[in-house]
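Predicted model, so just to flag it, every value in this text is computed and none were measured. Counting starts at 1 for both ligands and their atoms, in listed order.
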Amino acid sequence: MPTSNLCQQQWVLGMNPYAGLVSCLHASWLTGKTRPMEYRVSQLEALGHFLDEKHQPILDALALDMHKPQFEAKLSETVLCKNELNYTLNNLRSWMKDEHVDKNMVTQLDMAFIRKDPYGVVLIIGPWNYPVNLLLVPLIGAIAAGNCVILKPSEISSCVERLMAEMLPSYLDRDCFAVVTGGIEKTTKLLENRFDYIFFTGSTSIGRIVMEAAAEHLTPLTLELGGKNPCYVADDCDLQSAANRLVWGRFFNAGQTCIAPDYVLCTLEMQEKLLPALHRAIADFYGANPQESPDFARIISDKQFQRVQSLMDSGHVAIGGQTDEKERYIAPTVLVDVPMSAPIMQEEIFGPILPIVTVANLEEAIDLINGQKQPLAVYVFSSNKKVVKQVLEQTSSGGFASNDTIIQTTLITLPFGGIGPSGLGKYHGKFSFDTFSHHRTCLMHRMDQEKLNTLCYPPYAQHNPQSLLSTSEIRCKSTCNLL
Ligand code: NAD
């Protein structure tokens with residue numbers, strides 16, 4: 001990693017190897033240089049140049065790490081980053097504006113507003129499955145909000161990690177932005193430092209560790225975690241369209257997507273109709289032998305390969321099932337006869353296997369969903385709006401989509417995040433800007449008019465306390481209407 005200035009040089013010293021780097025970035029933040037809009041815009045534009053000029057190296061690194069197909073890499077990594085960047089640049093001025101609020105009687109002559117303040121030094125920890133998007137999209141929000149940032153890419157997607165460490169710093173202001181590489185040991189050390197905000201994307205178990213580290217310093221944080229996303233397929237849906245959309249969302253990036261449909265819930269009758277449609281979709285998308293398809297990714301690591309492969313025994317293989325350890329290839333696979341107690345139903349699959357769990361009806365599907373931990377996404381396929389509405393209203397999840405899968409993440413105007421074990425907080429577009437901004441309470445009270453103030457001072461009995469209290473009272477509109 002280039003070490004061209006003080007901030008970059010200090011981080012290797014001492015027992016706490018990152019204390020120097022963090023305090024350097026903190027000192028930069030205190031100078032106020034990241035606050036002006038012009039500075040934020042210049043850094044965002046520089047990030048845009050990085051994405052444009054290093055586009056091919058980025059695609060190459062993604063291909064080396066996990067055979068990520070070019071189209072999938074562009075759609076889910078570089079294009080989404082550019083969209084986030086341009087949307088942020090287009091809206092930053094209005095997002096940064098103070099938000100003036102309604103006032104009560106006592107503060108009528110004052111100015112009351114919310115100032116969007118940067119937090120300070122932010123730590124962003126990314127996962128390996130979308131290693132560009134899930135590192136840079138939060139970075140865009142953090143820069144837009146005026147923060148200094150330390151990026152910690154996943155060590156598992158090692159080619160992207162190297163690219164980020166070697167190429168990104170030369171585009172950004174090194175006094176305010178740094179990339180730190182490493183695995184568990186180094187990240188543990190990094191987390192010993194006090195940050196002003198932590199943004200973590202990864203597994204639920206590591207999220208818990210990061211939250212504990214944040215609690216040590218009472219650091220606010222966002223956790224973008226994982227989970228098992230159910231997909232209910234109703235008997236009335238358009239069969240082949242549902243199968244196509246399911247196959248696309250499940251096998252995109254070889255199933256290594258946090259919002260992928262994790263398992264299908266449907267009736268036994270529907271399963272019999274769905275299987276040939278899924279088979280057809282898989283053959284149409286990836287050909288007779290998906291291993292030869294340029295459009296199907298590989299499992300990221302040997303460890304993940306072993307884990308996903310072992311889940312294959314959780315049911316009867318209806319489609320696929322082939323594996324090739326040398327290539328870390330697992331065919332698009334559909335499992336049937338999967339009991340809820342099977343290992344594949346106990347953990348997030350995060351691979352190209354789609355189990356089908358049969359249920360008697362919609363109500364049983366909803367009960368089953370509500371019996372599990374709250375997922376990142378709930379999906380439903382049905383032509384009946386009542387069915388869609390019932391699933392939406394009777395379940396809880398980070399996000400929801402009907403009649404499609406994973407596509408909701410491309411809508412920058414929607415918040416992205418989990419609930420409960422699938423995460424804490426939200427981002428994308430304006431939600432990112434707000435996540436990385438402290439909403440500071442500001443009241444600009446007048447220095448004159450002291451007489452008004454004296455109404456609040458003791459001894460209270462000298463005023464008319466009841467009339468004073470009523471000046472700040474908020475009445476319930478519905479009660480007023482009734483009166
Ligand atoms: P992970 O939790 O293993 O690792 C994520 C990051 O944490 C990496 O940078 C890693 O170096 C670091 N890390 C690992 N162990 C650590 C420790 N003990 N202390 C501190 N840091 C540590 O996750 P992963 O395997 O990279 O990614 C897969 C998981 O991420 C899945 O569960 C998936 O659902 C989830 N995910 C969630 C989202 C989302 O937006 N909600 C997006 C992508 C992935």
Under 4.0 Å, heavy-atom basis, I'd like to know which part of [X] is in contact with ligand 1: side chain, backbone, both or neither.
X      : result
Ile259 : neither
Thr201 : both
Ile156 : neither
Leu191 : side chain

Next on the checklist: Keeping Asp175 on the side-chain end and Ser28 on the backbone end, is there a donor-acceptor pair under 3.5 Å?
Outcome noted: no

Checklist outcome for this item: among protein heavy atoms, the one nearest atom 8 (C) of ligand 1 is Gly126 O, 3.2 Å

Can you check whether [X] and [Y] have ring centres sitting under 6.0 Å from each other?
X      : Y      : value
Phe305 : Tyr329 : no
Trp128 : Phe350 : yes
Phe285 : Phe296 : no

Checklist outcome for this item: Ranking Phe350, Phe416, Trp128 by closest non-hydrogen atom to atom 40 (O) of ligand 1, top hit is Phe416

Item to check | Protein contact for atom 4 (O) of ligand 1 (heavy atom, distance under 4.0 Å) | outcome: no

Next on the checklist: With respect to Gly227, determine whether any N or O atom, backbone or side chain, lies less than 3.5 Å from an N or O atom of ligand 1.
Outcome noted: no

Item to check | Any N or O of Asn129 closer than 3.5 Å to N or O of ligand 1 | outcome: no

Next on the checklist: In this structure, does ligand 1 have an atom that sits under 4.0 Å from one of the heavy atoms of Tyr130?
Outcome noted: no

Checklist outcome for this item: With sequence neighbours left out, the residues meeting side-chain contact (heavy atoms from CB on, under 4.5 Å) with Ile209 are Ile206

